[in-house]
K.L.:
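One structure is given below, represented as structure tokens, and several questions about it will come after.
Just follow the structure's listing: the first ligand is 1, and inside any ligand the first atom is 1.
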Amino acid sequence: MPRPATTRVRRARRADLDELIALEERCFRGDRLSPRQYRVHLESTRAWLGVVAHDGAIRGSALVMFRADSPAARLYSIAVDPAARGEGLGLALLRAAERAARARGATSMRLEVSAGNAAAIALYEREGYACFGRKRRYYEDGADALRYARELRR
Ligand SMILES: CC(C)(COP(=O)(O)OP(=O)(O)OC[C@H]1O[C@@H](n2cnc3c(N)ncnc32)[C@H](O)[C@@H]1OP(=O)(O)O)[C@@H](O)C(=O)NCCC(=O)NCCS
């Protein structure tokens with residue numbers, strides 16, 4: 001697999017839908033995006049959906065949402081195929097998501113992460129995200145969400 005510097009992240013397209021749903025099923029037990037939600041995000045001007053494709057399969061995805069009334073972008077989801085973890089794809093997707101947010105004029109990125117998700121928390125903290133709050137019992141499994149944010153420098 002490629003390393004982050006050479007990992008190509010591209011915008012998702014409609015033809016990726018089945019692969020995106022299969023990846024979602026491999027990566028999340030609950031709180032999954034539905035096929036319908038994916039279809040909406042693929043068409044939406046208020047969403048950026050990026051993917052890493054390798055050997056014809058989608059290995060990772062990231063979804064950023066924008067709101068017209070807020071300079072903060074929201075990283076809604078980031079997921080890497082279990083078979084492709086630890087190879088820099090998550091980092092490449094996060095950085096691509098931040099580039100996409102900057103290109104849209106966002107000045108910060110916010111996200112929520114399950115309090116027990118050590119891998120994702122390490123990824124975000126490595127990239128300068130700071131925890132600024134907690135939402136109790138936010139997820140379907142009853143776990144708390146930690147709220148993280150970082151400024152996006154130009
Ligand atoms: C979180 C996730 C996206 C990381 O993807 P990845 O491609 O394995 O991550 P990378 O290889 O790019 O690692 C980048 C950094 O993340 C951190 N990290 C990743 N996996 C880690 C782990 N298992 N333990 C500790 N730190 C980890 C490290 O800081 C790592 O940097 P380093 O290799 O220099 O130490 C992946 O584990 C995943 O898809 N998890 C399931 C879905 C999920 O929980 N998404 C986040 C919430 S929406």
Side-chain angles (χ1 to χ4, degrees), residues 1-12 16-42 44 46-67 70 72-102 106 108-152:
M1 290 291 290
R3 301 299 306 166
T6 54
T7 299
R8 182 169 169 264
V9 179
R10 64 161 172 81
R11 282 297 282 271
D16 297 323
L17 186 60
D18 290 351
E19 282 274 333
L20 281 164
I21 292 160
L23 178 70
E24 185 87 5
E25 285 171 1
R26 288 198 298 278
C27 289
F28 297 104
R29 262 171 272 148
D31 295 283
R32 285 181 184 149
L33 284 165
S34 68
R36 186 183 161 277
Q37 284 171 309
Y38 266 116
R39 271 194 289 275
V40 169
H41 295 318
L42 277 163
S44 174
R46 288 185 303 190
W48 176 90
L49 184 54
V51 295
V52 174
H54 187 71
D55 281 348
I58 302 289
R59 305 292 188 196
S61 69
L63 175 63
V64 184
M65 314 276 269
F66 306 99
R67 276 176 32 184
S70 172
R74 181 169 176 227
L75 182 70
Y76 190 86
S77 166
I78 184 161
V80 172
D81 192 319
R85 289 190 190 155
E87 298 177 4
L89 300 195
L91 187 57
L93 283 158
L94 180 58
R95 290 181 176 168
E98 291 167 347
R99 281 196 299 277
R102 273 191 210 95
S108 65
M109 182 81 93
R110 291 182 171 214
L111 61 89
E112 283 101 28
V113 59
S114 180
N117 192 341
I121 288 170
L123 168 64
Y124 301 138
E125 291 187 347
R126 178 193 201 276
E127 288 303 283
Y129 286 78
C131 184
F132 70 95
R134 178 184 283 260
K135 292 181 180 174
R136 303 251 167 230
R137 301 189 63 80
Y138 181 74
Y139 294 103
E140 280 174 14
D141 66 358
D144 290 355
L146 300 180
R147 307 182 71 194
Y148 275 81
R150 69 162 286 185
E151 284 184 20
L152 296 174

K.L.:
Tell me, which protein residue and heavy-atom name are nearest atom 20 (N) of ligand 1, and how many Å apart are they?
P.N.:
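For atom 20 (N) of ligand 1, the nearest protein heavy atom comes out as A119 CB, 3.6 Å.
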K.L.:
Pick one: which of R59, R39, R10 meets salt bridge (Lys or Arg N to Asp or Glu O under 4.0 Å) with D16?
P.N.:
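Going through R59, R39, R10 one by one, the salt bridge (Lys or Arg N to Asp or Glu O under 4.0 Å) with D16 is satisfied by R10 alone.
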K.L.:
Let me confirm one number: the CD-CZ distance from Q37 to R32, rounded to the nearest 0.5 Å.
P.N.:
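It is 12.5 Å, given to the nearest 0.5 Å.
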K.L.:
For ligand 1, which atoms have a heavy atom of L123 less than 4.0 angstrom away?
P.N.:
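What qualifies from ligand 1 is 14 (C), 15 (C), 16 (O), 17 (C).
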K.L.:
Kindly identify the option in A122, A62, P82 whose heavy atom sits closest to atom 26 (N) of ligand 1.
P.N.:
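Looking at heavy atoms only, the winner is A122.
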K.L.:
Relative to the heavy atoms of F28, which atoms of ligand 1 are at a distance of less than 4.0 Å?
P.N.:
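Near F28, meaning under 4.0 Å from one of its heavy atoms, ligand 1 has 42 (C), 43 (C), 45 (N).
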K.L.:
Show me which atoms of ligand 1 lie under 4.0 Å from any heavy atom of A120.
P.N.:
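Near A120, meaning under 4.0 Å from one of its heavy atoms, ligand 1 has 1 (C), 46 (C).
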K.L.:
Heavy atom to atom 3 (C) of ligand 1, shortest distance: which of V80, L23, L94 holds it?
P.N.:
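Residue with the shortest heavy-atom distance to the ligand atom: V80.
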K.L.:
Measure the spacing between CG of L123 and CG of L94 and express it to the nearest 0.5 Å.
P.N.:
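Answer rounded to 0.5 Å: 5.0 Å.
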K.L.:
Would you mind running through ligand 1 and noting each atom that sits below 4.0 Å from a heavy atom of L91?
P.N.:
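Close to L91: 12 (O).
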K.L.:
Can you tell which part of R126 has a heavy atom less than 4.0 Å from ligand 1: side chain, backbone, both or neither?
P.N.:
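Looking at R126 and ligand 1, just side chain atoms fall under 4.0 Å.
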K.L.:
If you look at every heavy atom in P35 and I21, which pair is closest and at what distance?
P.N.:
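Taking P35 first and I21 second, the nearest heavy atoms are CB-CD1, 3.4 Å.
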K.L.:
Do E140 and R29 meet the salt-bridge criterion of a basic N to acidic O distance under 4.0 Å?
P.N.:
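A salt bridge is absent here (no side-chain N lies under 4.0 Å from a carboxylate O).
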K.L.:
With heavy atoms of G88 as the reference, note each atom of ligand 1 found under 4.0 Å away.
P.N.:
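Here the atoms of ligand 1 in question are 10 (P), 11 (O), 12 (O).
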K.L.:
Please list, in number order, the atoms of ligand 1 under 4.0 Å from a heavy atom of A79.
P.N.:
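Every atom of ligand 1 under 4.0 Å from some heavy atom of A79: 39 (O).
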K.L.:
Assess whether a salt bridge exists between E98 and R150, defined as any Lys/Arg side-chain N lying under 4.0 Å from an Asp/Glu carboxylate O.
P.N.:
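So E98 pairs with R150 through a salt bridge.
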K.L.:
Can you list the ligand 1 atoms lying under 4.0 Å from a non-hydrogen atom of E87?
P.N.:
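Checking each atom against E87, I get 11 (O).
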K.L.:
Any atoms of ligand 1 less than 4.0 Å from a non-hydrogen atom of I78? List them with their elements.
P.N.:
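Numbered from 1, ligand 1 contributes 42 (C), 43 (C), 45 (N), 46 (C), 48 (S).
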K.L.:
Could you check which of S61, S77, G90 puts a non-hydrogen atom nearest to atom 9 (O) of ligand 1?
P.N.:
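Among S61, S77, G90, the closest heavy atom to atom 9 (O) of ligand 1 comes from G90.
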